[in-house]
Amino acid sequence: MSGPPGEPTPEQVAADLTSVVGRLVRRLRGASPGSGLSPSQRSVLAQLDREGPATTAALARAELVRPQSMRMTVAALESMELVARAPDPNDGRQSVVSLTERGRRTLADARAAKQGWLAQALADELDPAERRRVAEAVALLERLART
């Protein structure tokens, strides 16, 4: 697909965006190194925070991993007292995993560190007009994420 001369192709924009988003994600992860959590552990905490308590099987489906892998992740989070298990009220054979207060604080601290780093970088590196352009791009990226 090519557009007018000088216009980037969708393929080139996709390649550039993939590269930049990957670097930005790595920088954000580096902004909160003190949590001691792996990316998959952070993701599970965020999933539980967003969606509420869930079975290990539901978490595995949401995170696109095998149930065995999710059981290991949940066990590690449980050993750190970031999540707790309770019997599933709908199915006594299963348990439901939920965030503990410590898990909420850990997640909030990690998010605050990331947002703090990013806010400072936006303030230091971009002028007001550039920040407006980034805000507009965020709205477009949000629209793409919903497709």
Gap between atom [atom2] of [Y] and atom [atom1] of [X] - 0.5 Å precision:
| X | Y | atom1 | atom2 | value |
| --- | --- | --- | --- | --- |
| L107 | R50 | CG | CZ | 9.5 Å |
| T106 | L82 | OG1 | CG | 4.5 Å |
| E78 | S95 | CD | OG | 8.0 Å |
| L48 | L99 | CG | CG | 5.0 Å |
| T147 | E142 | OG1 | CD | 10.5 Å |
| L126 | R133 | CG | CZ | 9.0 Å |

Quick check against the 3.5 Å criterion: does [X] have a side-chain atom that pairs as donor or acceptor with the backbone of [Y]?
| X | Y | value |
| --- | --- | --- |
| R102 | E81 | no |
| T73 | S69 | yes |
| E125 | L122 | no |

Report all side-chain donor-acceptor pairs from residues 13-25 shorter than 3.5 Å, counting only partners two or more places apart or in another chain.
{"unit_1": "D16", "atom_1": "OD1", "unit_2": "Q12", "atom_2": "NE2", "d": "2.7"}
{"unit_1": "D16", "atom_1": "OD2", "unit_2": "Q12", "atom_2": "NE2", "d": "3.3"}
{"unit_1": "T18", "atom_1": "OG1", "unit_2": "A14", "atom_2": "O", "d": "2.8"}
{"unit_1": "S19", "atom_1": "OG", "unit_2": "R23", "atom_2": "NH1", "d": "2.8"}

Original post:
Should E136 and R132 count as an ion pair when the cut-off is N to O under 4.0 Å?
Top reply: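 Not counted as a salt bridge, because no side-chain N and carboxylate O are separated by less than 4.0 Å.
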Original post:
Which other residues end up in the same hydrophobic cluster as M72, if Ile, Leu, Val, Met, Phe, Trp and Tyr are linked when side-chain heavy atoms come under 4.5 Å apart?
Top reply: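 Hydrophobic cluster check, M72: no partners found.
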Kindly indicate whether the side chain of [X], heavy atoms from C-beta on, has any atom under 4.5 Å from the side chain of [Y].
| X | Y | answer |
| --- | --- | --- |
| M70 | P67 | no |
| L37 | M80 | yes |
| V74 | R85 | yes |

**OP:** Tell me yes or no: between the side chains of S40 and E63, is some donor less than 3.5 Å from an acceptor?
**Re:**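 S40 vs E63: no donor-acceptor pair found between side chains.
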Tell me, please, which residues at least two apart from [X] pass side-chain contact (heavy atoms from CB on, under 4.5 Å).
| X | answer |
| --- | --- |
| A121 | W117 |
| Q68 | R66, R71 |
| D124 | Q120 |

**OP:** Give the C-alpha distance, both sets of side-chain angles, the deciding distance and a yes or no for side chain to side chain contact (heavy atoms under 4.5 Å, CB included) between R111 and D49.
**Re:** CA-CA 12 Å; R111 286 175 173 163; D49 186 51; 2.7 Å; yes
Side-chain donor-acceptor pairs of residues 52-62 under 3.5 Å, sequence neighbours excluded:
{"unit_1": "T55", "atom_1": "OG1", "unit_2": "A58", "atom_2": "N", "d": "3.0"}

Original post:
When hydrophobic residues are tied together by side-chain contacts of less than 4.5 Å, even through go-betweens, does V65 share a cluster with V83?
Top reply: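 Result: yes, single cluster for both.
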**OP:** Answer yes or no: are there more than 12 heavy-atom neighbours, outside R131 itself, under 6.0 Å from its atom CZ?
**Re:**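 Enclosed: over 12 neighbouring heavy atoms sit under 6.0 Å from CZ of R131.
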